[in-house]
2 protein chains.
Amino acid sequence: MGTIGRPRSQVAHAAILKAALRLVTKSGFRAVSVNDIAAEAGVGKMTLYRHWPNKAAVVMDALLALIGEETAFPEAASALESLQQQLHRQVRFFRSARGNLVRSLVAEAQTDRALAKAFRERWLEPRRQGVRRTLECAIAEGSLRNDFDLDTAIDQLYGSLYYRLLLGSGVMDERFVEATLQQFVSGHGAKPKTRK
Amino acid sequence: MGTIGRPRSQVAHAAILKAALRLVTKSGFRAVSVNDIAAEAGVGKMTLYRHWPNKAAVVMDALLALIGEETAFPEAASALESLQQQLHRQVRFFRSARGNLVRSLVAEAQTDRALAKAFRERWLEPRRQGVRRTLECAIAEGSLRNDFDLDTAIDQLYGSLYYRLLLGSGVMDERFVEATLQQFVSGHGAKPKTRK
DNA sequence: GATTGTACGATACTTGCGGTATCGTAAGGA
DNA sequence: TCCTTACGATACCGCAAGTATCGTACAATC
């Protein structure tokens, strides 16, 4: 199974990802050319195209490979509190320069089916899994009802965040998160005092 | 006062809008070139650029000029029913080929500040006004509380729709509308039986 | 340690599109 | 009739995505 020929440079691979992340985060997807990324990485353009099929694929990988726990669910006293803290993290992430990355990829995905698929499967779905688990915990803890569709609920929770990211006038503050969460809980929360 | 020189051709203007709507609706924004639009309209490319600054502006105008009452609020017995019917209309509109138009413009707006402004002011805001009026009616009718922020509520209502339009696996059915509306009402609805 | 096969960086090239410039012609108000 | 501007057509420019090619640098195999 010994590989023949010169092996691919992991150094070049990593340098390209890092360069793409830096440039696109700073200037946006359209403003950065493939030449720019290759030059910033100190790499030939052909090396980039040997590792990825196109620019969007590079940026997608850069988002996934070099983003840490910015959108993870922290430990908390209750599932609802964990959800609350994650929502704040997500909003902070969107509001940061990294938000450009997500916006760029969503935009590009509108005309690139492969990218759209990758974005759903590799970015959205893992995060939705996290939300799903947390909601199930909240249900088990008795703080949410158990008669609603999880995926629809997730769309309602995060849809408004993405809406403001992509279309909003820019106001993605903590108050918005609290209002959204409160609205969510008042709709899906268990009502212990009410019978039937 | 009297215009001098040859007047602009309203025929060419309308033909360009119609061609842009047709082509972009069918094939998507990126797949259609300015040459395509001009050719389809039977017009020189320069005429197009004399009437609009760029491709995105043409498509934006096409969306506004040639779309009718597809997303209007119908008369109904109550404000909430009118809202419900409009949500169904909106979903049907998004699901139709016209959805491509909106998706294209949102995508383009991510890197075109002028278009983003135009999209917000000319497409989103008028529709939000309609929602706002309807929600105020519903409050006046006593079927919604009056202690919530209208704009946040609208984001929560329509955010999930745009989320599915832009990122969803395509499932934008009637059940989704009903679930979203129900969630909205359970959060913002007046609770006549409950005191304090 | 020579051979072999592939990746490497560099660079020239192709293609296609957005947008501009130019040209002779058409249209209408003055 | 004259004057000014828009018209359709077409050539052109600039730029970026993606391809092709070249001599070189590796590392496994012989």
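Proteins get letters first, then strands, A, B, ... in listed order; numbering begins at 1 in each.
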With respect to the phosphate group of [N], does any side-chain polar atom (N or O) of [X] fall under 4.0 Å of OP1 or OP2?
{"X": "Arg50(A)", "N": "dC8(C)", "value": "yes"}
{"X": "His51(B)", "N": "dC7(D)", "value": "yes"}
{"X": "Thr47(A)", "N": "dG9(C)", "value": "yes"}

Any donor-acceptor N/O pair under 3.5 Å between dA7(C) base and Arg6(A) side chain: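 Answer yes: a donor N or O sits under 3.5 Å from an acceptor.
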Donor-acceptor pair under 3.5 Å, Arg8(B) side chain vs dA6(D) base: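 No, the side chain and the base share no sub-3.5 Å donor-acceptor pair.
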Quick one: [X] [atom1] to [N] [atom2], roughly how many Å, whole number?
{"X": "Trp52(B)", "N": "dG19(C)", "atom1": "CH2", "atom2": "P", "answer": "14 Å"}
{"X": "Leu23(B)", "N": "dC17(C)", "atom1": "CG", "atom2": "P", "answer": "13 Å"}
{"X": "Ile16(A)", "N": "dG9(C)", "atom1": "CD1", "atom2": "C1'", "answer": "11 Å"}
{"X": "Leu48(B)", "N": "dC17(C)", "atom1": "CG", "atom2": "C1'", "answer": "14 Å"}
{"X": "Ile37(B)", "N": "dG19(C)", "atom1": "CD1", "atom2": "C1'", "answer": "13 Å"}
{"X": "Ile4(A)", "N": "dA2(C)", "atom1": "CD1", "atom2": "P", "answer": "22 Å"}

Within 6.0 Å of CD in Gln182(B), more than 12 heavy atoms from elsewhere: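 Open.
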More than 12 heavy atoms of other groups within 6.0 Å of Glu40(B) CD: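 Yes, CD of Glu40(B) has more than 12 neighbouring heavy atoms, counting only those of other groups under 6.0 Å.
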Check every atom of [options] against the side chain of [X] and return the nucleotide holding the closest atom.
{"X": "Ser33(A)", "options": "dT5(D), dG18(C), dA17(D)", "value": "dA17(D)"}
{"X": "Ser9(A)", "options": "dG5(C), dT5(D), dC8(C)", "value": "dC8(C)"}
{"X": "Tyr49(B)", "options": "dT4(D), dG19(C), dA17(D)", "value": "dG19(C)"}

NZ or CZ of Arg164(A) within 45° of Phe94(A) ring axis and under 6.0 Å: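 Checked: cation-pi criterion not met.
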Closest-nucleotide ordering on DNA chain C, the 5'-leading residue of Phe29(B) and Gly5(B):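 Taking each residue's closest nucleotide, the earlier one in sequence belongs to Phe29(B).
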Position toward the 5' end of DNA chain C (nearest nucleotide), Val34(B) or Met46(A):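 That would be Met46(A).
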ring-ring contact (aromatic ring centres under 6.0 Å, His included) contacts in which one or both residues fall within residues 51-89 of chain B, not counting sequence neighbours: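 ring-ring contact (aromatic ring centres under 6.0 Å, His included) check on residues 51-89 of chain B returns His13(B)-His51(B), His13(B)-Trp52(B).
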Short side-chain to backbone donor-acceptor contact, Asp155(A) and Thr152(A), under 3.5 Å: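 Absent.
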Pairwise 5' ranking along DNA chain D for Pro7(B) and Asn35(B), keeping only the more 5' one: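 That would be Pro7(B).
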Touch class at under 4.0 angstrom, heavy-atom based, for Lys45(B) against every strand present: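 Counting heavy atoms under 4.0 Å across all strands, the contact made by Lys45(B) includes a base.
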Touch class at under 4.0 angstrom, heavy-atom based, for Asn54(B) against every strand present: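 The answer is sugar-phosphate, as Asn54(B) gets under 4.0 Å only of primed atoms, P, OP1 or OP2.
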